[in-house]
Structure formats: C-alpha cells, structure tokens
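Here is the structure we will look at, set down as structure tokens.
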Amino acid sequence: MIICRQEKHLAVATSAFFLSLFIGCAARTALAQTPAPPAARQDNVKETIHGVEIVDPYRWLEDQDSEETRKWEAAENAYTHSLLDGLTMRQAAYKRLMEMFHHDTMGAPAEEGGYYFFTKKGADQDLPSIYRRKGPNGPDELLIDPLPMSPDHTTSVGIQDIATGGSLMLYSVRHGGEDEIELHIMDLKTHHDLPDILPRALYLGASWKKDLSGFYYSLGRRDLGKRIYYHALGSDPAKDTLVFGEGYGPDTWISPQVSRDGRYLLIRVQAGWAKNDLFIQNLAKNGAVQPLITGLDGHFNPQFVGDSLIVETDWQSPRKRIIKIDLRDPKPEKWKELVPTTDDAIQSFSVIGSKLFVTYLHNVTSRIAIFSLQGKPLGEVALPSSGSASIFGRLESDEGILFFSSYTTPQSIYRYAASTGKRELWFRDPIPFKSDDYEMEQVWYASKDGTRVPMFLVHRKGLKPDGKTPTILYGYGGFNVSLTPNFNNTAAWWVEQGGIYAVANLRGGSEFGEAWHKAGMLEKKQNVFDDFIGAAEWLIANKYTKPEKLAIWGGSNGGLLMGSVTTQRPELFRAVICDHPDLDMVRYYKFTKNNNPPALLEYGNAADPSQFKFLYAYSPYQHVKEGTKYPAFMLTSGDADTRVPPEQARKMAARMQAATASGRPVFLLYDNKAGHSGGRPFSQIVDELSLKMAFLSWQVGLNDPGQN
C-alpha cells in the first residue's frame, strides 16, 4: 500500500510538472493549442419577444441548484486553475500583493458618547473586527470579533448605527458576499448582545430613537418592495410596526433617519438613481408621516440643522447646489439657496460645527470649500495633493473626519477641526509603495459623438509612449458613480511592473453632474460603450499601447460594459476581466433572485417593447457570434451575489467558449460564497487577485515581450 501511495504521489507530481511545462510553453505562443474548456450542452430555447425570435443555447445554466450546473461550475473552476495556477507571474504577483495587503487596516471612526467606534483588521487576520476607543488616544477595546463565526472566515460584521450617547450598538452579521444581513444589538455597558435579532434579510438602513426604546429600519423584499418598520426593544421582530412604504414597488429604495435631537423622522424614497422624494414625521408631537418633497425631478440629500434641513440637490441645477428648508414652513417658494451651482459638480457636503463643507469635483479631482451656515464663503480645506477627498461630521461637534487618496498615494484618514482647520492623522494605510516613482496624468479625448471625456493614466515617471506598453483600461459608467483617483493595490502592482493603468470617466457616472449621468442611462446607454471604445482608440492612436497589449477590466455595471465593448469591438482588446456582470439584458427583469429591481430604472425593462429595442441592440449575451476572434476573457461570479444574478456569468462563459475562434481562453471563476458585498477572507482575496494579474500578464506580455 505504501508503494502504491508513493507511485500515486509521483504520478501527480509528474503530471503537475508536465502541466507547468505546458503552461509555460503556452504562455509564449498565440495560444492556438489552448486546451478545450469543459463541454456545455446547448438546449437552444427559442422564444419570440416583441416580434423578435431569440435563441438561448444555455438556458439550463439558469438553474443554479441543478446537479448538471454544479458539475459544470466545478469543471470550469478546475479548467481555470489548470491553466493559470502554474504561471510564473502567479507566484510573483501573489508575493508582492501579499506585501501590499499584509498590514493593519482601520476604518473611519464615528464618535459617540466620548468613544470612537471603528473597524480594524490586523495584518495577519482575515476579517475586520469592531472596536471602540475612549477618546482619540485611548486603548482599543474589541467589541465584535467575526473570526470565530465561521470556520472559513466568510462571515463578516459591520457597524449599522450607534445610539446617541454610545450605550447601544446596532451591528450587522453577513454570511458570504450576499447583500442580506442579520441585525444584532450590543449593550455597550454590559458587552452582551440583547436577545433581539432581526433575521437575515435585505436591510437598507437603521436609525435609533432618541429615548433608546427601539429603532426604525428599512426592510426590502423583491415581491413587496421596501418598507420602514419600527422595532421596540424586547419585542418579537415578526410583529414590528409598519411605519411607511405601502404602495411602493420593488423598484424603489426607502431609508429612515432620526434627527440627533430625536424630534424628527426623515424618510428618503428613491426611485432608481434619477430622483428621490422626502417625507417627514414630527416624533416630538407624535405626528403623522407627511410629504416634504415629492414629484420633483431631482435628488435631495439632507442633513438636519435644528428645525431646518440643509439639502444638496440637483433639482433645476444638474451640477447641484445647496439649499435650506425650514421644517416649520417647508413650501418650495420659501426655500433659501445657500450655495449656488458652479462649473464644478458637487459630490457631497457635511455640516460640521457651525460650518458647511462642500466637496466639489473639478475635472474629477476633489476640492473642499467651506461656507458659513448662511452661505458665506470661508475658504477651502487644504489637501495634500490632487486626488480624492471627502469630509463628514455633524452639527454638534467641531470634529470632522477627512479622507484623502490618489492613484499614487494610499488612503489617509484625519480628524479635522472645523474651527481651526487643524488636522491630525487617524490612520494611514502603510502600503509599501514608492509613490515618488510614479505619476498620474489626465488626458481628454473625443467620443464617437464628439463629447470630450477625461481619462487618468498612471505609470512610471518619464514614460515615453512607444505603442508597446501593457495597459489595463478600467471603466464603469453608470448609476451616478464617479471614478475619482483612489489608491488600488492591483493598479499599483501593475505600474510597478512597467505597465499603464488607465481609468476612463465615462458618461453614466456623476463626474460632471446629473446631465452626465443621464447621458449614459436607458436609451443612451450606448454612449457609455462608445466612450470606453474611444478611450481604447485614443490609447492606441497616441502610442501608449496597442491592441495586443491592451487589457480591460470592469465589474457589475462595469461587467456589462466589458461584455458590450467585447462583443462590439473584439479586435481592440487582448484580454478582459468581467467581474459579477450584468450581461443578459433581455431576461434581466425575469431573474427572480435579483434583489436590485431599481436597476431597471437605470437600464430599462425588456418587458416594455420600446425599451426592449435598445436593450436588445446591445445586450452582450445575445450578441456573441460564432467564429469571432474574441480576446481572452475571464468572468467571475458566485451564488451569494444576490444583487447581480450569477446565471448571467455562467451563460456568457459557456456561449463565448463555444463561439470564440481566436484560440484564446475563456475562463469562469465561480465561488459559491462570493457576492457583491464581499464574502471572502483576506487570504482568498489576495489569491484571486494574483490569479487575475497572472492572467492579464500572460495575455499582454507584461515583463515578457516574447509571450506575444
């Protein structure tokens, strides 16, 4: 028996040796002999939608729990690892990324009752824990440690709300990467949890009552939509009181906020990402919920100041302005403008002490202006350099929390005194990176319709474009999300190897206000893809890179971007990473496990004949064509993604594997516990990133020109 085991071990080792030799050889060819991916049968379901016949060859992969799907997923993972694990760059990337990630991390603090509450992770720990600290310099006190909660360290915790005075903490427990969480309550005087546990569900915000008798929370269900409930401490959560939400469908987000003085409950009702309403309840007078702002075409983001609201809005001002609403007489004709609109879009604001801090985006980099509560300009917050910054605080405290980062500067968190402008470092990410050796430049290019679009380029100082530099182009373009300069370990690793990391600020985001956002949604979504294609063409025309050296990367809505530009212009790119993507826009509205119906207000709903027309025109899954020379393609997803249906990645992987004629591989990396909200321990995150960087390096010849 011993001899048999030795022979088996030798056979496995020998196979691994020859596999590594094969991989090394394959990495230096045009991949014409890449092994075939796992077989996937075609059931070719035919249906006619609004007069258009559509054939879906992989409908069976929508059944996530079938034995056939599970076996196919396992085979896909094995195929991915068989080709990528042995790459030389895999180990080099893992070692360097581990150095970059292997340090203590600390989240921003929230001060309450003389304590600072925050999350912190030790260098050797897989997950952040919840701590508090007496004053800014006291010892750290561990409150919640998630590590014992799951043997594989995929259960995480987060701070939801700390009661005024700091005696009770509402915290979340998340299993895997799903959006759904459990809500728990810790009595901070006894360090014990209360028996109240709100079971796993989609919670969208919670806020304590002033008297600590309970809290308001938002609960989302795909069938009923979102509702505001009140939970009284010590009661059965199944009997919680419905406060607000009847009549609203699944495509609306609803969230509660109690004023710090306890007098008001403010309810925000957001339809998609284009506008929102506000409702108010006078808790001090036990009043009914009343409409405050309804039916206006704009966003309204408020903060309480006594009997008034300071509100950031893009109503009648696409780049936003700041107004004041007196809650005792809130009619629109009585609203007072404090900060008018400017050429720079407002990104956020905060009232700290007796001052108003407004964060602007000037050509996609931050500046923070200071005003009195009457709107008088009082200067600006001094920032370390050009990059991303934000500041948050509250009226009752002189202290704000200031964040700063850039593509070449790891994040720093400061305690900022509003009265003096003095800042004290709370925490700086101690990432070993030689910032002075690299630079961030911004360029502008013309999209297909002539719109000027900005793009950041990060690379070694003194780089001279020669058309041969391996480049990653990243994009998102949707849901009002701005891609501002923030440090990224994988981007840092890439530029350390001599590559270029480029980020295009596409329409669909909010870099230039709501008009920029609306120019990339619904029937105008093609603008986003044209903007990204324009970025790639600019990089090639200006000799920063060439198609054989150009990789692209995006996730979620950015995964839709990856699928669309790949099916529209496959010759432009050599490699693609497509994380947790939306890809089947024709059937998106039918995916029952998707808890993000509001996305239909951003994308459109194919059940509507007029919207089906533009969705079908670009839907990546329906536009995969047999015999096309597609770039190498890696998709990632997992069962725990309850926001973006994972069946889309499965179906797209199978279809591209069957269709591609380039000889380049199409991979699916599928993790049953991974989702939009994480779900993976630190060690696994680094392992997957090293796999992705090895894949891209292999394909575009990073540090090995002979690979192409």
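Only this structure's heavy atoms are used, side chains among them; waters, hydrogens and symmetry mates stay out. The first residue of the sequence shown is numbered 1, and numbering continues consecutively from there.
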State the [atom1]-[atom2] distance between [X] and [Y], to the nearest 0.5 angstrom.
X    : Y    : atom1 : atom2 : answer
E511 : N505 : CD    : CG    : 4.5 Å
D277 : F300 : CG    : CZ    : 8.5 Å
L204 : D179 : CG    : CG    : 9.0 Å
M440 : T365 : CE    : OG1   : 7.0 Å
I310 : I322 : CD1   : CD1   : 8.5 Å
T342 : H362 : OG1   : NE2   : 10.0 Å

Can you check side chain to side chain contact (heavy atoms under 4.5 Å, CB included) on D307 and Y264, steps first, answer last?
CA-CA 9 Å; D307 283 309; Y264 297 102; 2.7 Å; yes
Would N301 and R268 satisfy side chain to side chain contact (heavy atoms under 4.5 Å, CB included), going step by step from the backbone distance to the final call?
CA-CA 9 Å; N301 177 32; R268 179 186 175 102; 4.0 Å; yes
Does [Y] offer a backbone N or O that forms a donor-acceptor pair with the side chain of [X] under 3.5 Å?
X    : Y    : value
S218 : I254 : yes
D104 : A123 : yes
D582 : L560 : no
Q411 : F404 : no
Y131 : Y116 : no
S397 : E399 : yes
D429 : I431 : no
S366 : A389 : yes
W273 : A599 : no
T545 : T469 : yes

Between the side chains of [X] and [Y], is a donor N or O closer than 3.5 angstrom to an acceptor N or O?
X    : Y    : result
E514 : H517 : yes
T451 : D449 : yes
S419 : D398 : yes
S405 : S388 : no

Go through the steps for S447 and N527 under the test side chain to side chain contact (heavy atoms under 4.5 Å, CB included), then give the verdict.
CA-CA 8 Å; S447 188; N527 285 338; over 6 Å; no
Non-hydrogen atoms of [X] and [Y] that approach each other most closely:
X    : Y    : value
M455 : A502 : SD-CB, 4.1 Å
A536 : L572 : CB-CD1, 4.2 Å
L395 : Q303 : N-NE2, 4.2 Å
L601 : D251 : CD1-O, 3.6 Å
L689 : F101 : CD1-CZ, 3.6 Å
S172 : I181 : CB-CD1, 3.6 Å

Among L292, I293, I267, find the one that has a side chain to side chain contact (heavy atoms under 4.5 Å, CB included) with F279.
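That would be I267; it is the only one of L292, I293, I267 passing the side chain to side chain contact (heavy atoms under 4.5 Å, CB included) with F279.
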Can you tell me which residue among T471, L561, L696, V576 is in a side chain to side chain contact (heavy atoms under 4.5 Å, CB included) with I552?
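Output: one option passes, namely V576.
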Answer yes or no: is there a side-chain heavy-atom contact under 4.5 Å between [X] and [Y]?
X    : Y    : value
I159 : F118 : no
H299 : S510 : no
N488 : Y474 : no
D344 : R319 : no
N480 : E602 : no
L127 : K121 : no
F433 : S435 : yes
F371 : L338 : no

How are the rings of [X] and [Y] set to each other: parallel, tilted or perpendicular (split at 30° and 60°)?
X    : Y    : answer
W335 : W315 : perpendicular
F573 : F532 : tilted
F512 : W516 : perpendicular

Lys/Arg-Asp/Glu bridge criterion (N-O < 4.0 Å) met for [X], [Y]:
X    : Y    : value
R133 : D140 : yes
E537 : K448 : no
D329 : K331 : yes
D326 : K336 : no
E111 : R394 : yes

Validation row, ring centre F479 to ring centre Y603 under 6.0 Å
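Ring centres of Y603 and F479 closer than 6.0 Å.
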Applying salt bridge (Lys or Arg N to Asp or Glu O under 4.0 Å) to D297 and K518, what does each step give before you reach the verdict?
CA-CA 12 Å; D297 187 15; K518 288 182 176 178; 3.5 Å; yes
Sequence neighbours excluded and cut-off under 3.5 Å, please list the side-chain donor-acceptor pairs for residues 456-465, or say none.
residue	atom	partner	partner atom	Å
H459	NE2	E441	OE2	2.7
R460	NH1	Y438	OH	3.4
R460	NH2	E496	O	2.5
K461	NZ	D436	O	2.8

Quick one, I413 with I401, criterion side chain to side chain contact (heavy atoms under 4.5 Å, CB included). Give me CA distance, side-chain angles, the key distance, then yes/no.
CA-CA 7 Å; I413 305 174; I401 302 299; 3.6 Å; yes
Greater than 12 external heavy atoms within 6.0 Å of K324's NZ:
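Check fails, neighbour count at 12 or below.
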